[in-house]
Amino acid sequence: MNRDLDTSRRPLVLIWEVTQACELACEHCRADAQSMRHPDELTTAQGKALLDSAREFAENQLVVLSGGDPCKRPDLTELVRYGSNRGLSMSLTPSGTDELTAEVLDDLSDAGLRRIALSLDGGDADSHDAFRGETGSFAATVDAAAAARDAGLPLQINTTVCAETVEQLPAIRDRVRELGAVLWSVFFLVPVGRGRLLDPIAPERADRVMAWLAETADEEPFGVKTTEAPHYRRVKLQRRADGADGDADAGLQRRGGIVAGDGFAFVSHTGDVYPSGFLPESVGNVRDDDLVDLYRNSDLFTALRNRDALGGKCGACEFRHVCGGSRSRAYATTGDPLASDPLCPHVPEGYDTSEGTASD
Ligand code: SF4
């Protein structure tokens, strides 16, 4: 395997939640965002040390600065510049607020920011603002998308799929196209944080949504990826086997899907290291421990990378190496990060459903 893509050695995506502070009160907030910054947030110097550690994973390591709203940190541009100068690929997921001005985006672009991801959870102001808990958020997001384009920043749109938003997906797809995004990242709800207050869609519907997303990816000028739904890869392979997806990614069979702890890692605002932001089992803290060592050698991360150790349907599944199920959702619903992903309706070949259920 290309050493750069070996997910036992490095996360392809490293998220640093630089703060939990945020103006918005989104219904689904994983971070239970607060209006004030936490007094024990990583300092600027500790953040730079974290970025130095990230650089040890690989040249051009992707680091996503998330929140909360990362724009709540006054040192944000300094951190982006530091990471960029170290050779990291710096990306940002700010909240859609009036604070995300053209001037801020120009400064971030000048500092070397590679991509910006904005959230859109409705196709119009009424639906998006209701979900985000803030009147004006839709308009601020659309304005920020235009300003990002003007600043030369590639745009990603993030959308949460749950019962409250699923009917909006076609309208959101149209907005993604209109805004000129390069990627639509579709997150399937994991019931953690305030996300527990939302309703997930049923497994069969999730499969239909993923098939629709695969069609969308074929038809639209932007890419489509899923978050916490690696069975999108299984759905694409099955479509290809059925002859419905002639252009499916030929690498699907060879590469494993990125799941919590396997190609993915998360560092909290106070430095705790987790397999993902939706799997709240800390393996250490960057203040005391070596991030690279935690990723490569901690028991939890190592276990999450062993697809043959998965339980229930996922452990018996012929797609476990390309999919593996959402470890975060398994943990959120059962307490066991190696259990089956309850959002997946697939029954593996030869699996005896009387011995286990989708949620065992
Ligand atoms: S059963 Fe598990 S591994 Fe198999 S496709 Fe579903 S989520 Fe993926």
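Fair warning: this is a prediction, and the values are worked out from it, not measured in the lab. Heavy atoms only: backbone and side chains are in, while hydrogens, waters and symmetry mates are out. Atoms within each ligand, like the ligands themselves, are counted from 1 in listed order.
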List, ordered by chain and residue number, the protein residues whose closest non-hydrogen atom lies under 4.0 Å from any atom of ligand 1.
-> Arg234, Cys314, Cys317, Arg320, Cys323, Gly324, Gly325, Cys344
Salt bridge present between Asp124 and Arg175 (N-O < 4.0 angstrom) | no
Please determine, by modelled atom types, if Thr19 and His38 share a side-chain donor-acceptor pair under 3.5 angstrom.
-> no
Check step by step if salt bridge (Lys or Arg N to Asp or Glu O under 4.0 Å) holds for Arg327 and Asp341.
-> CA-CA 7 Å; Arg327 301 296 96 227; Asp341 181 344; over 6 Å; no
Verify whether one side chain among Asp289 and Asn285 offers a donor that lies under 3.5 Å from an acceptor in the other.
-> no
Judged by modelled atom types alone, do Glu17 and Ser66 share a side-chain donor-acceptor pair under 3.5 Å?
-> no
Enumerate, atom names and distances included, each donor-acceptor pair closer than 3.5 Å involving a side-chain atom of residues 182-192, sequence neighbours excluded.
unit_1 : atom_1 : unit_2 : atom_2 : d
Trp184 : NE1    : Thr159 : OG1    : 2.9
Ser185 : OG     : Lys225 : NZ     : 3.4
Ser185 : OG     : Thr227 : OG1    : 3.2

